Amino acid sequence: MAYFDNAATTYPKPEIVYNFMNDFYRNYGFSVGRGQYSLSQKANNLIIDTRNKLKNLLHCPNKQVIFEPTATISLNLIIQGIILNGAKNIYISPFEHNAVTRVLNYYEKKNVIKVHTLNVSKDMEYDLIRIKYQFDKVAPDFVIVSHASNSFGLIAPVEKIFELAKLYDAITLVDMAQTAGLIDCNVGLSIFDFAVFAGHKTLYGPTGISGFVMNPDIQIPTIIFGGTGFESANQDMPNNLPEHFEAGTLNILGIAGLNAALSWIDEKGISTLFKTETEKRKRLIEILEQFWFIKIIGNKESARYVGIVSCLIDGISSDSASNIFNKFNIAVRTGLHCAPLAHQFMDTYPSGTIRFSVNYFTSDKDFEELEKALEVIEDNM
């Protein structure tokens, strides 16, 4: 199979991830915080080490790492917590995932908040001057930006946006589901209050392990309650971090895989991973541009991208193209990619686009199979 759906989940994983998960879970796959025996402590040490590896990768030694099953749960915990703390005016980019927009839609329909969209030009440039005017007109309480669009790959200038937001004492949240482990970002800066990561995407770990990094000085209520392994007599969730947000048994197998993946990223170097993915995105575009019936959406020379390319095929609806590529044993994503507002902004709503996404492991054979498939499609147009 030629795999071009890495924006959903990177595949394959580094070999060290498979091997370490198998070995660790067979020998130390115990619950953490539920026993004082030595084998449980080994599992606990792995979790501590993984938190430290994430802090090192994201340059945030003084912030807290929280583990959750998915980035969606992480976003819900943060966004709902900030709203419960009284945030009213919330700004988002036009490229946010449903994990952000559905939460905000729920509260906006109840007249609890007002959602504003950051100004982005049709040339896909964040207009910082106009964004400053927006903030002057209606001061932000909370600013949420997807570091890179999961539909079009556009990288946002989050540092500059958050610097503006902090002039108004806004809380900031960057969604790094498509960039953690790929783009070097100093989350340790005071302009970053929250940063969400997805273990199974550009961190090259398994599914079922994600989370967020947070400024420990910000206190927000939780919306998930349960056991934490200590203070069991207390019917309130502990205020301690990370336990305040980590109800239930952690996914020790997923954390083991993430730990191995972080070691692999450190060995390869994050700049090397981004350079390689950028080169493979360029090769992907060169292949797609050979075919008259393909229209690439949102690719601007002045912009920066992760390894995602969205396109349309003349005469074939985007939501039906997946079956066509599947016949050639090529994995792509079609439709709205859980980001309908992004497609409204790019005028590709409601059918969406055909999304190709590469990663470090995308091979020459993958590209060759894609090119052959497109040649056959062209012959039958």
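What you are looking at is a predicted structure, and each value in this text was computed from that prediction instead of being measured. Heads up: numbering here begins at 1 and tracks the sequence.
When each of Ile82, Ile113, Ile92, Asp193 is tested with Phe142 by the rule side chain to side chain contact (heavy atoms under 4.5 Å, CB included), just one qualifies, namely Ile82.
Under a 4.0 Å N-O distance rule, the pair Glu246/Arg51 qualifies as a salt bridge. Checked for salt-bridge contact, Lys365 and Glu369 meet the test: a charged N lies under 4.0 Å from a carboxylate O. Look at Arg283 and Asp364 and you find a salt bridge, because one of the NZ, NE, NH1 or NH2 atoms lies within 4.0 Å of a carboxylate O, short of that distance.
Between His343 and Phe152, the angle of the ring planes lies from 30° to 60°, which puts this pair in the tilted group.
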Report the C-alpha distance between Asp23 and Asn19 in whole Å, list the side-chain angles of each, state the deciding distance to 0.1 Å, and finish with yes or no for side-chain hydrogen bond (donor to acceptor under 3.5 Å, both in side chains).
-> CA-CA 6 Å; Asp23 179 68; Asn19 293 336; over 6 Å; no
Go through the steps to decide whether Leu118 and Phe135 satisfy the test side chain to side chain contact (heavy atoms under 4.5 Å, CB included), and finish with yes or no.
-> CA-CA 9 Å; Leu118 296 169; Phe135 289 174; 3.9 Å; yes
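If you check the side chains of Ser93 and Glu96, you find a donor sitting under 3.5 Å from an acceptor. Side chains of Asp266 and Ser263: no donor on one and acceptor on the other come within 3.5 Å. Checking Tyr11 against Asn359 by side-chain atom types alone, no donor-acceptor pair falls below 3.5 Å. For the residue pair Ser146 and Asp175, no side-chain donor N or O sits within less than 3.5 Å of a side-chain acceptor on the partner.
Taking 4.5 Å as the limit, some side-chain heavy atom of Asn119 sits within range of a side-chain heavy atom of Gln134.
Around atom OH of Tyr133, no more than 12 heavy atoms belonging to other residues, nucleotides or ligands sit under 6.0 Å away. Counted within 6.0 Å of CZ on Phe361, heavy atoms from surrounding residues, nucleotides or ligands total more than 12; the atom is thus considered enclosed.
Separating the CG atom in Asp141 from the CG atom in Asn89 is a distance of 5.5 Å, to the nearest 0.5 Å.
Residue pairs meeting the ring pair (Phe, Tyr, Trp, His ring centres under 6.0 Å) criterion with at least one partner in residues 296-322, sequence neighbours excluded, are absent.
Geometric assessment of Lys63 against the ring of Phe212 yields a negative cation-pi assignment under the 6.0 Å and 45° thresholds.
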